[in-house]
Amino acid sequence: MELTVLGTDGAFPRAGGACSGYLLRHDGFSLVIDLGTGALANLQRHVGYDRIDAVVLSHEHPDHCVDVYPLFVARQFHEERLAPLPLFAPPGAFDRLARLAGTESGDDFRAAFRVTEVEPGSGFGTGPFRIATRPMPHLVPNLGM
């Protein structure tokens, strides 16, 4: 198993930095945990946006998820049609993120992902990973993993 830190900055990235993002790889499976501002650029140093197998979002704050939108754009303009990307998030987090896409591209945005809402305190699996979650003290529902 290999963990790559894509970004650890807080509410905004410092110069040359990125907000929360992690790449976890095992048995050829690439799992992205959080995609805060700048994390997608760093991710592509390690794996192509078209080679991601799943995304997990800890919560809906932009410094943990806003780069899902540029990921959507990159996948939309990929030369071959890509299958919907599995995305796991706390209830309501994806809906809030989808509003960034606006009304014109909102349906395309939703169709680009296979969303599974995960209740904090429950578990789920994707690829070779089994993930247990716990609610953490924060301003919005979140998945401590």
Side-chain angles (χ1 to χ4, degrees), residues 1-101 105 108-145:
M1 187 176 321
E2 177 185 7
L3 174 66
T4 302
V5 177
L6 306 172
T8 60
D9 290 343
F12 68 94
R14 60 185 155 63
C19 293
S20 185
Y22 306 90
L23 172 61
L24 188 59
R25 292 191 279 193
H26 185 65
D27 286 344
F29 192 93
S30 294
L31 174 65
V32 175
I33 303 171
D34 283 349
L35 267 175
T37 310
L40 180 61
N42 289 340
L43 173 71
Q44 293 175 85
R45 293 179 176 154
H46 306 280
V47 65
Y49 64 82
D50 58 329
R51 301 284 184 221
I52 299 167
D53 295 298
V55 174
V56 179
L57 301 178
S58 62
H59 65 288
E60 65 187 53
H61 284 154
D63 58 325
H64 289 260
C65 70
V66 78
D67 270 10
V68 170
Y69 184 76
L71 173 61
F72 156 73
V73 173
R75 291 173 60 87
Q76 284 294 103
F77 289 102
H78 190 71
E79 59 269 4
E80 299 170 9
R81 183 169 175 82
L82 298 172
L85 182 63
L87 186 143
F88 301 85
F94 183 79
D95 291 334
R96 182 167 179 193
L97 184 58
R99 287 194 290 272
L100 289 176
S105 60
D108 290 339
F109 185 74
R110 290 177 192 282
F113 299 95
R114 192 175 74 234
V115 177
T116 301
E117 291 191 336
V118 178
E119 289 291 335
S122 66
F124 63 96
T126 185
F129 299 105
R130 301 296 166 257
I131 300 168
T133 72
R134 298 288 179 264
M136 303 298 288
H138 205 37
L139 301 171
V140 295
N142 62 81
L143 304 176
M145 293 168 254

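Residues: numbered from 1 along the sequence shown. Heavy atoms only: backbone and side chains are in, while hydrogens, waters and symmetry mates are out.
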- Query: Under a 4.5 Å cut-off applied to non-hydrogen side-chain atoms, are Leu97 and Asp95 in contact?
  - Reply: no

- Between Val56 and Phe129, does a side chain to side chain contact (heavy atoms under 4.5 Å, CB included) hold up when you go through it step by step? CA-CA 11 Å; Val56 179; Phe129 299 105; over 6 Å; no

- Query: Do Ser20 and Cys65 have side-chain heavy atoms sitting under 4.5 Å apart?
  - Reply: no

- Minimum-distance pair of heavy atoms, taken over all atoms of Glu119 and Thr133: O-OG1, 3.5 Å

- Query: Passes side chain to side chain contact (heavy atoms under 4.5 Å, CB included), His138 versus Val140? Steps please.
  - Reply: CA-CA 6 Å; His138 205 37; Val140 295; 4.2 Å; yes

- Query: With a 4.5 Å limit on heavy-atom distance, are the side chains of Ile131 and Leu143 in contact?
  - Reply: no

- Main-chain N/O of Leu6 paired to Asn42 side chain as donor or acceptor, under 3.5 Å: yes

- Task: Tell me, please, which residues at least two apart from Pro84 pass side chain to side chain contact (heavy atoms under 4.5 Å, CB included).
- Result: Arg114

- For Pro90 and Pro141, work out which heavy atoms get closest and say how close. CG-O, 3.8 Å

- Item | Side chains of Val47 and Leu23 in contact at under 4.5 Å (non-hydrogen atoms) | yes

- Query: Residues two or more places apart in sequence or in another chain: which of them pass ring-ring contact (aromatic ring centres under 6.0 Å, His included) with Phe124?
  - Reply: Phe88

- Residue list, salt bridge (Lys or Arg N to Asp or Glu O under 4.0 Å) with Asp50, at least two apart or on another chain: none

- Query: Between Phe77 and Phe72, does the ring centroid distance fall short of 6.0 Å?
  - Reply: no

- Note on the structure: For residues 54-77, the salt bridge (Lys or Arg N to Asp or Glu O under 4.0 Å) pairs (sequence neighbours left out) are Glu60-Arg96

- Measure the shortest side-chain to side-chain distance between Thr8 and Tyr22 over non-hydrogen atoms and say whether it is less than 4.5 angstrom. yes

- Which heavy atom in Leu57 sits nearest to a heavy atom in His64, and how many Å separate them? CD2-O, 3.8 Å

- Task: Return the minimal non-hydrogen interatomic distance between Gly21 and Ala39, and the atom names on each side.
- Result: CA-CB, 4.1 Å

- Closest heavy-atom pair, Thr126 versus Ala54, reported as atoms and distance to 0.1 Å, is OG1-CB, 3.5 Å

- What heavy-atom pair brings Gly125 and Arg130 nearest, and what distance separates the two atoms? CA-NH1, 3.5 Å

- Query: Are any of the side-chain heavy atoms of Leu43 and Arg45 separated by less than 4.5 Å?
  - Reply: no

- Item | pair His46-Arg25: side-chain heavy atoms closer than 4.5 Å | yes

- Any side-chain heavy atom of Arg51 within less than 4.5 Å of one from Ser30? no

- Task: Show the numbers, then the answer: is there a side chain to side chain contact (heavy atoms under 4.5 Å, CB included) between Glu2 and Leu24?
- Result: CA-CA 6 Å; Glu2 177 185 7; Leu24 188 59; over 6 Å; no

- Message: Let me confirm one number: the CZ-CG distance from Phe109 to Leu71, rounded to the nearest 0.5 Å.
- Response: 8.5 Å

- Message: If you apply the rule side chain to side chain contact (heavy atoms under 4.5 Å, CB included), what do you find for Leu35 with Val32, and how did you get there?
- Response: CA-CA 7 Å; Leu35 267 175; Val32 175; 3.7 Å; yes

- Item | Residues that Glu80 engages under side chain to side chain contact (heavy atoms under 4.5 Å, CB included), provided they are two or more places apart | His78

- side chain to side chain contact (heavy atoms under 4.5 Å, CB included) involving Phe12 - partner list, sequence neighbours excluded: none

- Message: Please tell me whether Asp34 and Ser58 have a donor and an acceptor in their side chains that are separated by less than 3.5 angstrom.
- Response: yes

